[in-house]
Amino acid sequence: MNFWVVVPMVLALIGLRFLKPGILLWLAAWWGGCFIFLRFGILPPLPSSIIGLFMAILTAALALYGTADADKLSAIGKSLRAFLMERRFAPWLWGSLVVIPLLVGFNAYRQATSEAVAPATGRTIHPAPPSEITFRGKKIDILKASNPFRELEGKDKAAFAGHVAGGRAIYYKNCVFCHGDNMEGDGLYSHGLDPQPANFADPTTIAMLQESYLFWRIAKGGPGLPEESAPWASAMPAWEATLGEDEIWDVILFLYSFTGRKPRAQERAE
Amino acid sequence: MTYRFGYLYALILAGTIASPARSEGGSDACAAGKRLYMEKCSQCHGESGDGKGVGADFFNPRPRDFTSGAFKLRTTESGELPTGGDLAKVIRNGMPYTGMPAWPRFSDGEVADLVCFLKTLNPDFADTSVHPKTVTVPKPPAYREESARKGRAIYEENKCLDCHGSLGRGDGESAPTLKDDWGNPIRPADLTRRWTFRGGHRREDIYRTFMTGLNGTPMPSFMASVKEEDRWPLVDYVYSLSKGDDPGYASMVTAVSAKLPKDADGIREALARSKPALFPVIGQVIEGRRNFFPAANAVEVRAAYDSESVAILVSWHDMSPQTSGSNSPLASKGDSSRAPLTDAVALQIPFKAPEGNAKPYFLAGDKKNPVEFRFADLGKGEIRDFLGKGWSGLTASGAAVKADARYDSGEWSVLFLRPRRPAKGLAMDRGVFVPIAFSVWDGFSGESGEHGGVTSWYTLYLKPPEEGSPILPAAARALAALAAGAAIVFAARFRLGRPGAAALSKSHLSVDTESGDPR
């Protein structure tokens, strides 16, 4: 969110409230304020089609509010009449008659001259995994499989540390170039990839997922994403060709260990 | 949790590895630095600091060997050890376009701990009686064009072009022969891309590099050979060779509508009107014989089209043209003896229009979504078409045609001409966004097959020709809005301003009475 826009706008609306504006001005302020919020207040910017949709809903809502009871309706009628007729509003009336067409013209000009922008690549963040994959000829149940070395964490600390260390070596030979030294998805080659490599330090990635899900994404990569979870785009390779089953489980242990995150617990099969 | 395992790991290491620095790393700060080093640095720089960590072989330039005492980035004179501040600066800022990342997340205390530990790795640091002479960088004067012009002569006088090339593209005559102190081949900096400078791209950074040289590399210090009044002009000249501080990578190349003549010269002339797009090239670090340091770091692309064809000009910097021998995009199966290799480039587009966003896999396609892979061997000077279903699934799919490829002062440029609507393959219509990707091979660096530089998917857009000026329609819209507004105002005034208007207000009042409003 762009606070440089949102905060002054909210303050302006609150200030306006104290001035006890007429209902017409108040509705106009709401309309304008919401437009400014949607157009400039949200980062990254919303597509204009979305803004159009929200503004249409807002216009309908404000119209409903304004016409909901006779009081407001008559107040609007009066303000409208005063705006159109009374001398004290004349500069505003003539001003708007000049400014609005200028804005319309400017907008038309800008649309005609704007450079085309490549369509944004849609991306399903965590596509639904298949229930089962075939890994080097062996069937693995993605819904039920668990990391075979996870249990060592409680039982045999030294053996567990060994697996984490093994995963660490694999990470720095294979993954670090894109996912980075801090696992923030900002490795040496990340600037050449779109979408950016996953940021494992972020609480919405591996912390939300089961270890078996990571196994599937590492083993099958971008090419292994199912068609029904389109649209997707991923440069993630299928590591099945390079890494063995145990190596993938090791590297998964390392991802959680390094970031200090915990995998999502396996749901109990009913 | 991280901390606990890091600690555990460090304990295991401390127990198993005889560290030469243990006696000196006794203080608390250095012990803390050692723990941090073991967790975050040792995977590349090695547990004993010798630059031989588990990841070391996968980076080029290789990780620094801290035991050697040779550090590139310093404020000290050539051949001297760096100051603690110099080491801290590299940890903080990293080195662009190398495996050394910036570490902004370390606290100042943690950086100081690390520096303390790094200094235990080479005994020379311990000798506190010796103080390396530092180089002071004066406050830079404002950048001036004349100064940069004067700098060109100094650039020539000091033989900078022997390595960095006449236009600074890193293509000097001796560039292919350069080795670092450990015998590894090393490439001179491409001075036209200052965002890749390891020591920073500001003018004071460039000045400092001239004065200190880069220890361990063939880059010497020019402190003795360049007079004081010539230093800033030389800096300004080098600075002037790059377009900006950052590469300004594009996500799309726009093909302009043009008349494409039959001859290559004419087509190149037509392409000069198109705005170039710079796309980053990254190493193919995924499949088969991986490439951790592609020779090219970017390709510049221009495009134009007429009713029949699309012309795409791909150019990139290469320190020496390799034109004798051959090259192929086919996986080499570990066979690197197929020398000599030539330089090569490939253009890749989806074989069929992508449904939604489901593009083919960016490395030569996949089984479900094949790609059209146009491979130009710059030795044979021909372009051959392949159908790509992944690197191991590339099959030749057409006869070779002659390529228009030119090498000039460190830059290759290759012209691809493709029919807009081929019998087989993707039709390129106006106003449509076509995914496009590139691969580059440097024969000198042994690149061939899957061992090359690649880009991910970018977009080619065939921009419809402009029809007339946009000002007239915009003015018409504005006038229409003005007319509508004026009509509303005058109609309202006409109706409300007449005696009948009272009836209108009355009707409002009547609504009020009906709703039981006591007004």
Side-chain angles (χ1 to χ4, degrees), chain A residues 69-71 73-74 77-78 81 84-85 93 96-98 100-102 104-106 108-109 112-113 115-119 121-123 157 161 164-165 168-169 172-173 176-178 180-182 186-189 191-194 222-223 227 230-233 235 237 241 256-260 262, chain B residues 1-3 5 8-9 12 40 43-44 53-55 58 97-99 101 105 249 251-252 254 280-283 285-287 292 356-359 361-363 366 433 455-457 459 461 463 470-471 473-475 477-479 481-482 485-486 489 492-493 496-497 505 508 511-512 514-515 517:
Chain A
D69 62 65
D71 255 5
L73 194 61
S74 89
K78 271 189 204 143
R81 187 169 184 279
L84 285 167
M85 302 293 297
L93 180 65
S96 64
L97 218 52
V98 173
I100 293 174
L102 278 180
V104 168
F106 174 71
Y109 179 79
T113 52
E115 290 291 319
V117 179
T121 7
R123 184 186 194 190
K157 282 216 186 314
V164 173
R168 182 174 186 257
Y172 288 98
K173 288 175 183 175
V176 66
F177 316 107
C178 299
D181 286 82
N182 269 322
D186 57 351
L188 173 56
Y189 293 133
H191 68 287
L193 296 171
D194 178 34
E227 244 151 66
W232 55 261
Y256 285 106
S257 156
F258 186 93
T259 55
K262 290 246 179 261
Chain B
M1 197 160 115
T2 318
Y3 183 75
F5 287 124
L8 186 66
Y9 196 59
I12 295 168
K40 306 274 193 196
Q43 44 274 59
C44 295
V54 288
F58 304 93
Y97 289 77
T98 77
R105 54 161 42 197
Y249 289 131
S251 61
M252 184 171 89
T254 303
V281 169
I282 59 177
V285 291
I286 292 167
E287 292 176 8
F292 298 98
N357 287 318
K359 289 173 201 153
Y361 190 54
F362 78 115
L363 294 181
D366 57 81
F433 298 94
T455 74
S456 62
W457 286 112
T459 302
Y461 174 64
K463 190 182 176 192
I471 291 178
R477 293 271 278 278
L479 280 178
L482 180 64
V489 171
R493 290 213 152 189
L496 297 177
S505 359
H508 269 285
V511 173
D512 290 350
E514 265 167 32
S515 67
D517 193 300

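Note on naming: letters A, B, ... go to the chains in the order of the sequence lines (proteins, then strands), and numbering restarts at 1 for each one. Note that the coordinates shown come from a computational prediction; the quantities given were computed from them, not determined experimentally.
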Exercise. Taking the six-membered ring for Trp, are Phe177(A) and Phe292(B) parallel (under 30°), tilted (30 to 60°) or perpendicular (over 60°)?
Worked result: tilted

Exercise. With a 4.5 Å limit on heavy-atom distance, are the side chains of Pro280(B) and Tyr189(A) in contact?
Worked result: no

Exercise. Any side-chain heavy-atom pair from Met85(A) and Val489(B) closer than 4.5 angstrom?
Worked result: no

Seminar exercise, completed: Applying a strict 4.5 Å limit to non-hydrogen atoms, the region of Ala241(A) in contact with chain B is neither

Exercise. NZ of Lys40(B) to CG of Asp181(A): how many Å apart, nearest 0.5 Å?
Worked result: 9.0 Å

For this session: Between chain B and each of Leu93(A), Asp186(A), Val176(A), count heavy-atom pairs under 4.5 Å; write down the option with the most.
Result: Leu93(A)

Exercise. Taking Ala112(A), Ala235(A), Ala169(A), Gly187(A) one by one, which has the highest count of heavy-atom pairs under 4.5 Å against chain B?
Worked result: Ala235(A)

For this session: Name the member of Gly53(B), Gly283(B), Ser251(B) that forms the most heavy-atom pairs with chain A at distances under 4.5 Å.
Result: Gly283(B)

Seminar exercise, completed: chain A shares the most heavy-atom pairs under 4.5 Å, among Leu479(B), Ile471(B), Thr455(B), with Ile471(B)

Seminar exercise, completed: Here the pair of heavy atoms bringing Ala474(B) nearest to Ala108(A) is CA-CB, 3.9 Å

Seminar exercise, completed: Checked Thr254(B), Thr459(B), Ile286(B) vs chain A; the most non-hydrogen pairs under 4.5 Å come from Ile286(B)

Exercise. With a 4.5 Å limit on heavy-atom distance, are the side chains of Tyr97(B) and His191(A) in contact?
Worked result: yes

Problem set entry | Proximal component of Tyr249(B), with respect to chain A [non-hydrogen, under 4.5 Å] | side chain

For this session: Measure the CG-CD1 distance between Leu193(A) and Ile282(B) for me, rounded to the nearest 0.5 Å.
Result: 4.0 Å

Exercise. Which heavy-atom pair separates Leu97(A) from Gly485(B) by the least distance, and what is that distance?
Worked result: CD1-C, 3.5 Å

For this session: For chain A, find which of Ala478(B), Ala492(B), Ala486(B) contributes the most heavy-atom pairs closer than 4.5 angstrom.
Result: Ala478(B)

Exercise. Rounded to the nearest 0.5 Å, what separation is found between the CD atom of Gln43(B) and the NZ atom of Lys173(A)?
Worked result: 12.5 Å

